[in-house]
Every structure is written in C-alpha cells, then in structure tokens.
Asks: 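One structure, as structure tokens, below. Some questions next.
This structure is a prediction, so every number in the text was calculated from the model and none was measured. Quick note on labels: first sequence line is chain A, next is B, and so on, each numbered from 1. FYI, side chains are in, hydrogens and waters are out, and symmetry mates aren't considered; it's all heavy atoms of this structure.
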Number of protein chains: 2
Amino acid sequence: MTPGVLGHLLLGLLSRSEQTGYELTRAFDTTLKNVWGASHSQIYPELAKLEGRGLIRKTTAGPRGSQRYAVTAEGLGELERWLAGTQPIESPRLEWMARVFFLGLLPHDRALAYLRAQGAFHRAKLAVYEGYAAGVPPAGARSWDRIALEAGMRFERAMIEWAAWAVDLLGEEPPS
Amino acid sequence: MTPGVLGHLLLGLLSRSEQTGYELTRAFDTTLKNVWGASHSQIYPELAKLEGRGLIRKTTAGPRGSQRYAVTAEGLGELERWLAGTQPIESPRLEWMARVFFLGLLPHDRALAYLRAQGAFHRAKLAVYEGYAAGVPPAGARSWDRIALEAGMRFERAMIEWAAWAVDLLGEEPPS
DNA sequence: AGATGCATGTAAATAGTTACATGATTCA
DNA sequence: TGAATCATGTAACTATTTACATGCATCT
C-alpha cells in the first residue's frame, strides 16, 4: 500500500534534509501543525513503515540513540507522484466552525463570547505567522514556505474580519 | 465517556428537528461536509451509542424500516455544554495546503498548474456558497447558518485571492 | 543531584474510511 | 421490470490520540 498523507509529508520534510524522528516530530508540532498535526507516537511507526518500503533509509546514528533518516530515490518518486495530484481533496475538520451552526442554542451573550474568543484566537495566530514572515527570506519568489505562510495569513485575516462582522451583526440586536 | 465531535453535531442537527439516520447522513454529505464530513457507516453506530447513553431517543418508525430520532433533555444539556466551551481547539487536515510546502520539488509549470487548480476549486466552492446564500433568509441577524456560511465565503475568497497572488508571483519569474 | 530537553518506543482506545451486504419503495 | 433512491447495517482496515515507559545528555 502507498503511504498516506503523513507518510508523504515525512518524505517531503526529509527531501529537504536528513532528520531524526525527534526533529520531524517538532516540525509537526510547530510549522506543519497548522495544516496537519501529528505526534511522535504516530511518526516513529510511520518512519519504520517507510523504511520497510524502501522510501527512506537510515543514515548516521547520533548521540542519544538518535537515528537520522534520508529519503531514497524511490521515496522521492513517490513524493513527486503525490504532489502532482492536482485533484483538490478536502475533508477539513473545523470543529470551531461546525459549532457555529448551533450557537443559536446558547444565550445571546455566550454566543457573542464564543465569537469574540474566535477572533482573539485568530489574531494570536496571525501574530505568530507575521513573526515567521519577518524571519523568512523576504517574499523572494520560489519560496514555497513563504507562499504557504501567505495562505495562512490570509486565512487568519479573513477569519478575524468574519468574527468582527458577526459580533457587529449580533451586537446590534437587543439580547433575547 | 462523553461523545466526540460527530456525536455532538448529531445532537445539534437533531435539536432542530427529528431526523432519520439517512437524513443526517445527507447533512454530513452536503452542508456540514465543508467543516466536518462523515459517512453513514460512522453515523449509524454513533446514533446507537447516543441512544444507549440516553442522549437521543427513537420516535416514529417510517416507511422502509426508517427510524426517526429526537434529542432528549440530557442530550440537549450535553450539547450546550459542548457549545459553551470557548477554547478554540483546532487540528485541521488541510492536505492541499500541506502540499504547498513541497511544491518546489515539481517543475515550475506543474507547480503553477497546482495553484491554478486550487484557485478553480475555491472559485467553484464560492459559487456554491453564494447559491446557498441567495436561498437563505437575507442576512437577518441571529441566523447562525448564515453566519457560518459567511465564514465559508470569506474563506473561499481569501484562498482565491491567495492562489491568484501566488500564480502572479511565480508567473513573473522565468521558468527554471 | 535534579531539572530540562533530547530521543525513541509500545499499548490501548477511539475515530474514520472503504468495502461488503441487504432490502424496500418509487418512478419511468 | 429495471433503475434510482431510500434506508440501514456490519466488517476490515487505517489513522489518530492518549497514556505508559524508558534512558541519555546537558546545564545549573
């Protein structure tokens, strides 16, 4: 069987540089967390599977029993096949957005509080992204990290404005 | 154990009206699909669990062995508890966005094609949402479906603009 | 020496997908 | 009567989360 999304993302990270499971885990807990999170208990077994299929291989062993992996030629091929698939497959898990459908069940002020909390959450995320953007090579084209980051920033801004719009809309009415 | 997201969303749908598993399945394959999809093979067992916990109950039996469910008082309580949780928990699964990080591995024209496909995808979704919006009671406040829909529309517009921005950025450069 | 961070694993449970399986009703 | 749609379920597999478990290295 061909790897799933997690496997392909691991191949992608390893295509940039050799890394240990620990380093990969950190990537899934920071940068990639915003699009596809994963924990070490999923990553280590997945690395073993990828190695078993010859898509990655062990390279140097480090200090504390650490083990570095590199992507193989077959792994790179598999990764490119995956990237080339342009059919946009989406099954988002947007819990906070799903709740909005049913917020009418809450008293007016608690529903408003929910929207305000969402706004604050997205403002905080935007601030983090802007911090990243300041550190990344300035918008220089062909910088795909920067392009992905831009998507994140535009998403957060859209959600901040949406929350403000919704609070406005509800705030204008007298509470029930 | 308390229900998960799926269980709560089922409670939410049933809080609006009694429904059969089939009708609920359709909701998760249309409206809710954009935020939290689910298939019938997950929904029927979950309904059984919710009933076992006394959060929903069977009401009238219909024509083809169909079975209608209604939310109980306890179910409504559980739902409100869930809705009131304002901590924004997010673990999005944005596969198409995750791929962007590694698009540099593809030849220039295929990477561009990927971005154009994304743009087209989001334009199509926006068109669908605008169709919904035309059918929904006009922006009348306290209409939470409309507020959720607005989030979707703003999201799609942001992604359309992002894709155009990225295509521009890359198009300006000579292909490698 | 104790805390923190590096580093890797397994076990158990829940969640989610895909495939298999069945039968009733309605409409052309 | 054949196709489409309504309607529900189970089985097998894959993915994900949470908890348990261990040990080394560095820094104070």
Asks: Could you tell me the separation between the CD atom of A:Glu46 and the P atom of C:dT10, rounded to a whole number of Å?
Replies: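 Rounding to the nearest Å, CD of A:Glu46 and P of C:dT10 are 14 Å apart.
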Asks: Mind checking whether B:Trp96 and B:His122 have parallel, tilted or perpendicular rings, split at 30° and 60°?
Replies: perpendicular
Asks: Among the nucleotides C:dA7, C:dG16, D:dT16, which one has an atom lying closest to any side-chain atom of B:Trp36?
Replies: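 Of the candidates, C:dG16 comes closest.
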Asks: Which part of the nucleic acid, if any, lies within contact of A:Arg93, taking any heavy atom under 4.0 Å across all strands shown: a base, the sugar-phosphate backbone alone, or nothing?
Replies: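 Answer is sugar-phosphate: A:Arg93 comes under 4.0 Å of backbone atoms only.
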Asks: Could you work out, with side chain to side chain contact (heavy atoms under 4.5 Å, CB included) as the rule, every residue matching B:Ser17, not counting sequence neighbours?
Replies: B:Gln19
Asks: Check this for me: does any side-chain nitrogen of one of B:Arg146 and B:Glu150 sit under 4.0 Å from a carboxylate oxygen of the other?
Replies: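 Yes, charged N to carboxylate O under 4.0 Å.
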Asks: Salt bridge check, B:Arg123 against B:Glu156: does any charged N sit closer than 4.0 Å to a carboxylate O?
Replies: no
Asks: Whole-Å distance between C:dA15 P and B:Leu10 CG?
Replies: 12 Å
Asks: With a 4.0 Å limit, can you tell me whether A:Tyr22 has a side-chain N or O closer than that to the phosphate oxygens OP1/OP2 of C:dT8?
Replies: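 False: A:Tyr22 side-chain N/O out of range (4.0 Å or more) of C:dT8 OP1/OP2.
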Asks: Tell me the closest heavy-atom pair linking A:Tyr69 and A:Leu14, and the distance in Å.
Replies: O-CD2, 3.4 Å
Asks: Select one nucleotide: of C:dC6, D:dT8, D:dT10, the one nearest the side-chain heavy atoms of B:Pro45.
Replies: D:dT10
Asks: What is the nucleic acid contact for A:Arg68, judged by heavy atoms within less than 4.0 Å: base, sugar-phosphate only, or nothing?
Replies: nothing
Asks: Report each atom pair, protein N/O against N/O of nucleotides 18-20 of chain C, whose distance is under 3.5 angstrom.
Replies:
| unit_1 | atom_1 | unit_2 | atom_2 | d |
| --- | --- | --- | --- | --- |
| C:dT18 | O4 | B:Ser41 | OG | 2.4 |

Asks: When the distance from CD of B:Gln19 to C1' of D:dC6 is rounded to whole Å, what number comes out?
Replies: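 Taking CD of B:Gln19 and C1' of D:dC6, I get 15 Å after rounding.
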Asks: Might you point out which heavy atoms bring A:Leu115 and A:Ala166 nearest each other, and give the distance in Å?
Replies: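 Closest approach of A:Leu115 to A:Ala166: CD1-CB, 3.8 Å.
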Asks: To check you understand the geometry: which heavy-atom pair defines the closest contact between B:Gly171 and B:Leu112, and what is its length?
Replies: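 Minimum heavy-atom separation between B:Gly171 and B:Leu112: N-CD2, 4.5 Å.
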Asks: Can you check whether B:Tyr44 has a side-chain N or O nearer than 4.0 Å to OP1 or OP2 of D:dT8?
Replies: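 Result: yes.
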Asks: Between B:Asp145 and B:Arg16, does any NZ, NE, NH1 or NH2 come within less than 4.0 Å of an OD or OE carboxylate oxygen?
Replies: yes
Asks: Write down the atom of B:Leu94, the atom of A:Trp36, and the distance for their closest heavy-atom approach.
Replies: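 Answer, listing the atom of B:Leu94 first, then A:Trp36: N-CE3, 4.0 Å.
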Asks: Want to settle it: does A:Lys49 or B:Lys58 sit nearer the 5' end of DNA chain D, counting the closest nucleotide to each?
Replies: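 On the 5' side of the pair lies B:Lys58.
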Asks: Tell me, for nucleotides 22-28 of chain C in 5' to 3' order, what letter each nucleotide earns: B for a base near a protein heavy atom under 4.0 Å, S for only sugar-phosphate near one, - for neither?
Replies: --BS---
